[in-house]
2 protein chains.
Amino acid sequence: MAQTGSCDCCGSAATAGAVDSTADLSCYCPVDGVIDAISKKYSLQIVGLLGANGPMRYSELEEVLGATSTSLLSNRLEELAEEELIERRSFDEIPPRVEYSLTPRGRELEGRLQPLLEWAAEE
Amino acid sequence: MAQTGSCDCCGSAATAGAVDSTADLSCYCPVDGVIDAISKKYSLQIVGLLGANGPMRYSELEEVLGATSTSLLSNRLEELAEEELIERRSFDEIPPRVEYSLTPRGRELEGRLQPLLEWAAEE
DNA sequence: CAGCATCCGAACCGATACTG
DNA sequence: CAGTATCGGTTCGGATGCTG
């Protein structure tokens with residue numbers, strides 16, 4: 001995953017035209033990086049939590065998510081921030097405080113995610 | 001992932017009540033297994049392709065997806081079939097023929113997936 | 001044609017130890 | 001409090017090679 005330029009499903013094979021003209025929707029490969037970002041552990045939960053609760057601190061997320069290792073949470077937050085789905089805001093205080101919140105883009109994602117998650121959860 | 005009974009985000013931590021009452025949407029952990037299934041490589045594409053093109057043969061999928069190894073494709077198809085998102089139909093012919101198509105459940109998924117994918121793809 | 005079995009490397013997860 | 005650094009275990013992905 002995490003492709004930057006090449007595309008394994010449209011680059012080589014799509015030109016073969018094996019299927020037909022309705023194949024407009026057949027390529028979901030690049031998808032920017034969002035899909036990559038959200039298909040890792042806790043990403044979905046983070047987006048959902050920030051959407052439901054508003055800004056949250058590092059330790060709050062850590063607690064609610066049920067103690068993942070700190071490094072894992074760090075990585076997820078960093079990745080989501082790189083995709084501009086969440087925003088990191090640090091206050092210059094002692095003790096330090098950092099808050100994470102959804103960006104507008106993140107809120108768009110959350111909106112589109114919700115129907116999917118609700119459907120998957122009810123079942 | 002692939003949890004069957006235990007839940008790492010609501011089992012232990014949600015009872016801590018660190019956030020507040022709006023945390024209804026905070027638990028996406030179990031989510032049946034659908035999320036697990038679709039967060040693996042090619043699952044999304046398979047569902048999308050079958051939705052757009054109708055039933056497809058093994059070799060068609062293989063070609064359009066751009067030659068993943070056969071075992072990987074096999075695994076994905078099997079997993080999606082176990083989740084009852086796709087249906088496998090084999091014809092008793094020589095040479096053998098197998099077609100895959102979306103189940104009603106798979107079509108529901110595809111519908112909810114589409115807005116998300118379109119949004120992610122346009123960017 | 002449609003696949004399963006196997007083996008290897010890469011990515012991901014989790015726990016621990018340590019820093020600003 | 002909010003992280004970074006490191007390391008071992010597990011899962012995932014890709015390449016062959018071989019069957020019904």
Side-chain angles (χ1 to χ4, degrees), chain A residues 1-4 6-9 11-13 18 29 33 35-46 55-82 86-101, chain B residues 1-4 6-9 11-13 18 29 33 35-46 55-82 86-101:
Chain A
M1 301 201 180
Q3 53 296 78
T4 354
S6 80
C7 174
D8 40 347
C9 101
S12 44
C29 334
I35 300 293
D36 268 24
I38 64 172
S39 65
K40 292 187 190 165
K41 204 168 192 189
Y42 297 117
S43 304
L44 239 48
Q45 286 95 321
I46 292 169
M56 292 178 71
R57 304 181 56 162
Y58 186 91
S59 49
E60 284 181 308
L61 285 167
E62 196 173 26
E63 187 175 3
V64 176
L65 288 174
T68 103
S69 62
T70 67
S71 57
L72 185 52
L73 183 53
S74 275
N75 290 340
R76 266 335 75 91
L77 290 169
E78 207 176 324
E79 289 160 14
L80 291 171
E82 268 167 27
I86 69 174
E87 189 191 8
R88 184 199 133 110
R89 202 150 163 225
S90 84
F91 302 82
D92 243 4
E93 308 171 353
I94 304 283
R97 182 160 62 103
V98 179
E99 283 187 356
Y100 295 89
S101 56
Chain B
M1 302 203 185
Q3 53 294 76
T4 354
S6 81
C7 174
D8 41 346
C9 102
S12 44
C29 331
I35 299 294
D36 268 23
I38 64 171
S39 65
K40 291 186 191 166
K41 203 169 193 189
Y42 297 115
S43 304
L44 238 50
Q45 286 96 321
I46 293 170
M56 291 178 72
R57 303 182 55 163
Y58 185 91
S59 49
E60 286 182 307
L61 287 167
E62 197 173 25
E63 187 175 2
V64 176
L65 289 175
T68 105
S69 60
T70 68
S71 58
L72 185 52
L73 183 52
S74 276
N75 290 341
R76 264 339 73 90
L77 290 168
E78 205 176 325
E79 289 160 15
L80 291 171
E82 268 168 26
I86 69 175
E87 188 190 8
R88 185 198 134 110
R89 203 153 161 222
S90 84
F91 302 82
D92 243 5
E93 307 170 355
I94 305 284
R97 183 162 61 103
V98 179
E99 283 187 356
Y100 295 89
S101 56

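Order of the sequence lines sets the chain letters (A, B, ...), proteins ahead of strands, with each chain counted from 1.
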For [N], does either OP1 or OP2 sit under 4.0 Å from a side-chain N or O belonging to [X]?
| X | N | answer |
| --- | --- | --- |
| B/Y100 | C/dG3 | yes |
| A/K40 | C/dA11 | no |
| B/R76 | D/dG13 | yes |
| B/R57 | C/dA2 | yes |

What's [X] touching, base or sugar-phosphate or nothing? Going by heavy atoms closer than 4.0 Å.
| X | value |
| --- | --- |
| A/T70 | base |
| A/S69 | base |
| B/S90 | nothing |
| B/E78 | sugar-phosphate |

Specify the separation, in whole Å, of atom NZ of B/K41 and atom P of D/dG14. 4 Å
Verify, without hydrogens or angle tests, whether B/Y58 (side chain) and B/T70 (backbone) share a donor-acceptor contact under 3.5 angstrom. yes
Quick one: which of C/dA2, C/dC4, D/dG14 gets closest to the side chain of B/S59? C/dA2
Looking at D/dG14, C/dC13, C/dG3, which one has an atom nearest to any side-chain atom of B/R88? C/dG3
Taking 4.0 angstrom as the limit, do B/R97 and B/E99 come out as a salt bridge? yes
Take A/S71 and A/P96, find for each the nucleotide of DNA chain C with the closest heavy atom, and name the residue whose nucleotide sits nearer the 5' end. A/S71
Closest approach of A/Y100 to A/I86 (non-hydrogen atoms, all atoms of both residues):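 It is CD2-CD1, 4.0 Å.
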